[in-house]
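Below is one structure, written out as structure tokens, with a few remarks after it.
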Amino acid sequence: ATFNLATSVNLGSVNVSGVEIAVQHTFDYLPSVLRHFGFTASITLPSTNREFDRSSFNNGGAMPGLSNSYFVAGFYDDGRFEARVNWARRDTYFNRLVTGTEPEFVLGSSQWDARAGFNLTPKIQLFADAFNFTNTPYRTVGRYTNQFITYQETGARYDAGVRFKF
């Protein structure tokens, strides 16, 4: 009988470097209701000495999960009412080796989320959240982008409720 056996193997030494830049700003110097607005933004740009080379079949030590990512959010918070809308983007990245030398990549995607909350008292808040409200799908491909592996539409998720502080 012939058996195929798959085991995990440590990659050995991998160098990961990069840069992350983040900024947050509130407009508290503006008059009236405008002083409660603000924004936050960030960008992350990682790199490694073990990137996956699509033209090679010798990628056993490629570092999975690294990609550029971007985030922007606008918010309002006056102490009683708070709201935010944010956008997040992640570029395509190598996820894993599916069978020996064949890779799986997660395609880049963007997602929109939103949140609102109203403080009834200092210890009780009503809230509503919307995650992925544009229904961005999760997609994976093989070595080439026309080799579809996975396409999942999980849909938007909405939550609402009451939060209590004890």
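All heavy atoms count here, side chains included; hydrogens, waters and symmetry mates do not.
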Short side-chain to backbone donor-acceptor contact, Asn119 and Pro122, under 3.5 Å: no
Exceeds 12 heavy-atom contacts within 6.0 angstrom, atom OH of Tyr158: yes
In one Ile/Leu/Val/Met/Phe/Trp/Tyr side-chain cluster, 4.5 Å: Ile43, Tyr93: no
Carboxylate-amine/guanidinium proximity below 4.0 Å for Asp129 and Arg115: yes
Geometric class of the Phe52/Phe94 ring pair [parallel <30°, tilted 30-60°, perpendicular >60°]: parallel
Arg90 and Ser67 side chains, donor-acceptor separation under 3.5 Å: yes
Non-hydrogen atoms of Arg89 and Ser110 that approach each other most closely: CD-OG, 3.1 Å
Geometric class of the Trp112/Phe133 ring pair [parallel <30°, tilted 30-60°, perpendicular >60°]: tilted
Shared hydrophobic cluster for Val72 and Ile21 (ILVMFWY, side-chain gaps under 4.5 Å): yes
NZ/NE/NH1/NH2 to OD/OE distance under 4.0 Å, Asp159 and Arg157: yes
Arg139 side chain to Tyr151 backbone, donor-acceptor under 3.5 Å: no
Test ring pair (Phe, Tyr, Trp, His ring centres under 6.0 Å) applied to His36 and Tyr76, Phe75, Phe27, Tyr29, the passing residue: Tyr76
